[in-house]
Amino acid sequence: MLKDASLSLNFRPLQLVHFPLLLKWINTKHVSRWWRENREWSLDDVIQKYETYCEGYKVTGNSTKPIHAFIIEVHSQPIGFIQYYNANDFPRENGPLPQDLSENLAALDLFIGEPEFIGKGFGPLIIEAFLNDPVKLMFKACFVDPDCANKQAIRAYEKTGFQRISSVSNGKIMWMVKMLS
């Protein structure tokens with residue numbers, strides 16, 4: 001576990017210059033297992049998916065919805081990717097969210113791309129810092145949906161106070177929520 005009180009953690013807004021790094025991470029084995037949609041990504045794939053994220057939106061259907069994407073930095077070194085958005089703006093592949101969840105609900109996705117930062121306690125620190133600023137300023141709760149086989153991600157979310165609310169897609173996806181206020 002990481003024990004560094006002087007940790008310098010920063011979330012730099014995603015820019016086009018980050019795309020080669022994003023491509024490298026998405027195609028790294030420990031990320032690709034959960035993130036790359038069962039295919040090898042090209043730089044064109046990254047541009048197609050993430051270019052509008054640099055402008056703060058994602059096109060869905062015939063409309064645009066806000067999405068906020070960042071590069072995670074530790075001591076000014078880029079180590080991963082994180083994004084948040086209104087969970088109600090993007091339908092879940094696994095069915096609708098439970099109606100008893102807050103309408104003011106963020107959704108969070110992240111990965112640590114640099115292998116030397118995996119399994120060292122950075123995940124919970126990143127999640128907690130990111131939820132406190134900027135997510136908590138805009139939302140009352142946060143939703144995540146890791147793969148049930150991604151035990152490391154589930155543990156990181158639980159360490160930061162996320163509660164399991166259900167398992168969907170025949171037990172393949174875990175829905176979790178954390179109240180922020």
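Between Trp175 and Phe143, a ring centre-to-centre spacing shorter than 6.0 Å is recorded.
Within a 6.0 Å radius of CD in Glu128, other residues, nucleotides and ligands contribute more than 12 heavy atoms. Within 6.0 Å of CD on Glu103 lie no more than 12 heavy atoms contributed by other residues, nucleotides or ligands.
Atoms CZ and CD1, from Phe162 and Ile127 in turn, are 6.5 Å apart once rounded to the nearest 0.5 Å. Expressed to the nearest 0.5 Å, how far CD of Gln77 lies from OG of Ser8 amounts to 11.5 Å. Note that the CD1 atom of Ile26 and the CZ atom of Phe19 stand 9.5 Å from one another [nearest 0.5 Å]. Once rounded to the nearest 0.5 Å, the distance linking CG of Asn27 with OG of Ser32 reads 7.0 Å. The CG atom of Leu14 sits 6.0 Å away from the CG atom of Leu22 when rounded to the nearest 0.5 Å. Here the CD1 atom belonging to Ile72 is positioned 6.0 Å from the CZ atom belonging to Phe11, to the nearest 0.5 angstrom.
Residues Tyr85 and Pro66 come closest through the heavy atom pair CB-O, 3.6 Å. Closest approach of Tyr53 to Gln83, counting heavy atoms only: CE2-OE1, 3.2 Å. Listed here is the closest heavy atom pair of Leu43 and Leu23: N-CD2, 3.7 Å. Between Met174 and Cys148, the shortest heavy-atom distance links the atoms N-SG, 3.5 Å. Of all the heavy atoms in Leu7 and Leu125, the pair that sits closest is CD2-CD1, 3.8 Å. The two residues Trp25 and Val31 make their nearest non-hydrogen contact at O-CB, 3.1 Å.
Cluster annotation: Leu105 and Val135 are assigned to distinct hydrophobic clusters (Ile/Leu/Val/Met/Phe/Trp/Tyr, side-chain heavy-atom contacts under 4.5 Å, transitive). No continuous path of hydrophobic side-chain contacts links Ile165 to Leu131 [ILVMFWY only; heavy atoms under 4.5 Å]. Connection of Val168 to Ile154 is not established within any shared hydrophobic cluster, with ILVMFWY side chains joined at heavy-atom distances below 4.5 Å, either directly or through further cluster members. Each of Leu97 and Phe90 belongs to its own hydrophobic cluster when Ile, Leu, Val, Met, Phe, Trp and Tyr are linked at side-chain heavy-atom distances under 4.5 angstrom.
The closest donor-acceptor contact from the side chain of Ser42 to the backbone of Asp45 lies under 3.5 Å. Of the possible donor and acceptor atoms, one in the side chain of Lys120 sits under 3.5 Å from a partner among the backbone N and O of Glu116. Remark: the backbone N or O of Pro146 is not paired with any side-chain donor or acceptor of Asn150 at under 3.5 angstrom. Using a distance-only test at 3.5 Å, with no hydrogens or angles considered, no donor-acceptor pair links the side chain of Asp147 to the main chain of Ile173. Between the side chain of His30 and the backbone N or O of Ile112 there is at least one donor-acceptor pair closer than 3.5 Å. Although no hydrogens or angles enter the test, the distance criterion places a donor-acceptor pair under 3.5 Å between the side chain of Lys178 and the main chain of Thr160.
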Please set out all donor-acceptor pairs under 3.5 angstrom arising from side-chain atoms of residues 57-65, sequence neighbours excluded.
| unit_1 | atom_1 | unit_2 | atom_2 | d |
| --- | --- | --- | --- | --- |
| Ser63 | OG | Thr60 | O | 3.3 |

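Looking at Tyr50 and His18, their side chains never come closer than 4.5 Å, going by heavy atoms from C-beta outward. You'll find the side chain of Leu101 reaches within 4.5 Å of the side chain of Val177, heavy atoms only. Looking at heavy atoms from C-beta onward, Glu158 lies in side-chain contact with Arg164 at the 4.5 angstrom threshold.
The cationic group of Arg33 does not satisfy the cation-pi geometry with Trp35, failing either the under 6.0 Å distance to the six-membered ring centre or the 45° limit from the ring axis.
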Could you walk me through whether Ile71 and Gln15 pass the side-chain contact (heavy atoms from CB on, under 4.5 Å) check?
CA-CA 9 Å; Ile71 295 296; Gln15 300 172 13; over 6 Å; no

Check against side-chain contact (heavy atoms from CB on, under 4.5 Å), Leu180 and Cys142
CA-CA 7 Å; Leu180 301 176; Cys142 187; 4.2 Å; yes

After noting the C-alpha distance and the side-chain angles of Arg92 and Asp145, does the key distance pass the salt bridge (Lys or Arg N to Asp or Glu O under 4.0 Å) rule?
CA-CA 9 Å; Arg92 302 281 129 206; Asp145 56 352; 3.3 Å; yes

Mind running side-chain contact (heavy atoms from CB on, under 4.5 Å) on Ile67 and Asp89 for me, showing each step along the way?
CA-CA 9 Å; Ile67 193 162; Asp89 281 349; over 6 Å; no

Could you walk me through whether Phe81 and Leu21 satisfy the side-chain contact (heavy atoms from CB on, under 4.5 Å) test, starting with their C-alpha distance in whole Å, then the side-chain angles of each, then the deciding distance to 0.1 Å, before giving a yes or no?
CA-CA 10 Å; Phe81 173 83; Leu21 189 54; over 6 Å; no

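Under the 30°/60° scheme for interplanar angles, the aromatic rings of Tyr84 and Phe70 are found to lie parallel.
With sequence neighbours left out, the salt bridge (charged side-chain N to carboxylate O under 4.0 Å, His left out) criterion links Lys24 to Glu114.
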